[in-house]
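The structure appears below as structure tokens.
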Amino acid sequence: APNADLAFATASPTEVAFANNIRALRTEAGCDVIIDDVIYTEDPFFSDGTIGEAVNDVAFSTTMPGHKVIYFSAAGNQQGGGYIANFNPVPDSTARAGLPNQNVDLNSVDSSYTTGGFHNFNPNPSGPVDISQTFDLPAQSSVEVDLQWNDPFDQHAVTTDYNLLVFDADGAYLGQYSGTDDNIANDEPIEDMTVENNTDTDTKFQIVIARKGTSPSTPTAQVLRYLAIDDSGSGVSADEYYQEGAPCTFGHSCAAGALGTAAYVYDEIPSN
């Protein structure tokens, strides 16, 4: 951009620092265009978070000093890693009594984590119940699974506590990889964890989504959404219940004031 003045501000080390620097680029540096390629996986899926609010401020505010900003943000490289569904409950007692074709060892899981039942991944109401979803995990790779649901962030209004339980291919519970935060206490509807395969052999793992608590009987927050983040491009993927069209962008790149920007290799498919 000939004759353009350039400015830089870090997006680290926190979301608050990132948001403050977005505003500073407008108010102190006088920027007209701001671009970032940063993702915080703690950004909300269902609403604007701290960073998204800052993006909207610089793009729309008529009271903030400085030029209004055109804001571009990387949409991410997580195509194929999304999943969204309404919580489809299987009672805790039913699952713990044993389900056909299920090998997950629920006896190893703290009973308080699952009192509200388990999510049935099978979308076919006449099909067999399936409370686990299997993933392929190549050798020497890892995947971050970010599960959120449609409760508000940081507003003392979280109504529902879901847990993300991880099992190996043989059904053994992997507590070190599971997400079991007290979401009502920490006021954030998110379980975010990373599963690692540090061996030289490809493997599989299973995830189970369970609800903690039974009041109300029908949870207030029912929309479940996760993103399996494979930053290394190693080929981690859902082995079943894959949703090709599930959303895989989130956070401030989806704010009303942002232009979420994606790219692909233009000559990979010549017809495109």
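These figures come from a predicted structure and were not determined experimentally. Heavy atoms only: backbone and side chains are in, while hydrogens, waters and symmetry mates are out.
Using modelled atom types, one finds a donor on one side chain and an acceptor on the other under 3.5 Å when comparing T114 with D92. With hydrogens and angles left out, the side-chain atoms of T203 and N197 include no donor and acceptor closer than 3.5 Å. The closest side-chain donor-acceptor pair between D200 and Q140 falls under 3.5 angstrom.
The line from CG of L164 to CD1 of I207 is 5.5 Å long, rounded to the nearest 0.5 Å. For the atom pair CG of D239 and CD of Q206, the computed distance is 10.0 Å after rounding to the nearest 0.5 Å. Interatomic distance, T160 OG1 to K212 NZ, rounded to the nearest 0.5 Å: 13.0 Å. Rounded to the nearest 0.5 angstrom, I190 CD1 and D151 CG are separated by 12.5 Å. Put simply, CD1 on I39 and OG1 on T249 are 9.0 Å apart, with the number rounded to the nearest 0.5 Å. With values rounded to the nearest 0.5 angstrom, Y241 atom OH is found 8.5 Å from Q133 atom CD.
When each of D48, D36, T50 is paired with H252, the side-chain hydrogen bond (donor to acceptor under 3.5 Å, both in side chains) condition holds for D36 and for no other.
Residues L137 and D202 have side chains not in contact (no heavy-atom distance under 4.5 Å, counting atoms from C-beta outward). Using a 4.5 Å cut-off on side-chain heavy atoms (C-beta onward), T14 and F18 make no contact. Taking 4.5 Å as the limit, some side-chain heavy atom of R96 sits within range of a side-chain heavy atom of V109. Residues S237 and Y242 have side chains not in contact (no heavy-atom distance under 4.5 Å, counting atoms from C-beta outward). Contact annotation: the side chain of I34 never approaches that of F72 to less than 4.5 Å [non-hydrogen atoms, C-beta and beyond]. With contacts defined as side-chain heavy-atom distances shorter than 4.5 Å, the pair E144/D192 qualifies. In this structure, the side chains of L259 and Y71 stay at 4.5 Å or more apart for every pair of heavy atoms. With a 4.5 Å cut-off on side-chain heavy atoms, F205 and F167 do not count as touching.
Geometrically, R211 does not engage Y162 in a cation-pi contact defined by less than 6.0 Å to the ring centre and at most 45° from the axis.
In this structure, F121 has its ring center closer than 6.0 angstrom to the ring center of Y83.
For F87 against F118, the heavy-atom pair with the smallest separation is CE1-C, 3.8 Å. Between S111 and T115 the shortest heavy-atom distance is O-CG2, 3.5 Å. Across E188 and N183, no two heavy atoms sit closer than the pair O-ND2, 3.1 Å. Between L25 and A29, the shortest heavy-atom contact is O-CB, 3.4 Å. Of all heavy-atom pairs spanning S132 and V208, the tightest one is CB-CG2, 3.9 Å. The two residues R26 and D57 make their nearest non-hydrogen contact at NH1-O, 3.3 Å.
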Derivation and outcome, side chain to side chain contact (heavy atoms under 4.5 Å, CB included), residues I209 and N163: CA-CA 6 Å; I209 299 173; N163 291 311; over 6 Å; no
Worked verdict on T27 versus M64 for side chain to side chain contact (heavy atoms under 4.5 Å, CB included): CA-CA 7 Å; T27 60; M64 177 179 286; 3.5 Å; yes
Side chain to side chain contact (heavy atoms under 4.5 Å, CB included) between N122 and V129, intermediate numbers included: CA-CA 6 Å; N122 191 346; V129 170; over 6 Å; no
Audit row: R225, L147, side chain to side chain contact (heavy atoms under 4.5 Å, CB included) steps and yes/no: CA-CA 6 Å; R225 181 181 165 193; L147 169 69; over 6 Å; no
From CA spacing to verdict: side chain to side chain donor-acceptor pair (under 3.5 Å), Y113, D161: CA-CA 9 Å; Y113 294 162; D161 187 343; over 6 Å; no
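Panel note: side chain N21, backbone T10; a donor-acceptor pair is recorded below 3.5 Å. The closest donor-acceptor contact from the side chain of E42 to the backbone of E15 lies at 3.5 Å or more, if one exists at all. Side chain of E191 to main chain of D181: a donor-acceptor pair is present (N/O by atom type, distance under 3.5 Å, no hydrogens or angles). In this structure, the side chain of D187 engages the main chain of Q155 through a donor-acceptor pair within 3.5 Å. Of the possible donor and acceptor atoms, one in the side chain of S141 sits under 3.5 Å from a partner among the backbone N and O of P138. Side chain of S253 to main chain of F250: a donor-acceptor pair is present (N/O by atom type, distance under 3.5 Å, no hydrogens or angles). Between the N56 side chain and the G257 main chain, a donor and an acceptor come within less than 3.5 Å of each other.
Cluster membership check: V223 does not share its hydrophobic cluster with V158, using side-chain heavy-atom separations under 4.5 Å among Ile, Leu, Val, Met, Phe, Trp and Tyr. Hydrophobic cluster membership is shared by F46 and L227, with clusters built from Ile, Leu, Val, Met, Phe, Trp and Tyr side chains linked at under 4.5 angstrom. The hydrophobic cluster containing V55 does not contain I70, counting ILVMFWY residues as joined when their side-chain heavy atoms lie under 4.5 angstrom apart, directly or transitively. V69 and I35 fall into different hydrophobic clusters, where Ile, Leu, Val, Met, Phe, Trp and Tyr side chains are chained together by heavy-atom contacts under 4.5 Å. Two different hydrophobic clusters hold L224 and I131 under the rule that ILVMFWY side chains link at heavy-atom gaps under 4.5 Å.
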Donor-acceptor pairs are to be reported for all side-chain atoms of residues 169-178 against protein atoms at under 3.5 Å, with residues two or more places apart or in another chain.
from, atom 1, to, atom 2, distance (Å)
S178, OG, V166, N, 2.9
S178, OG, L174, O, 2.9

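Annotation: N124, atom CG; neighbour count of heavy atoms from other residues, nucleotides and ligands within 6.0 Å is above 12.
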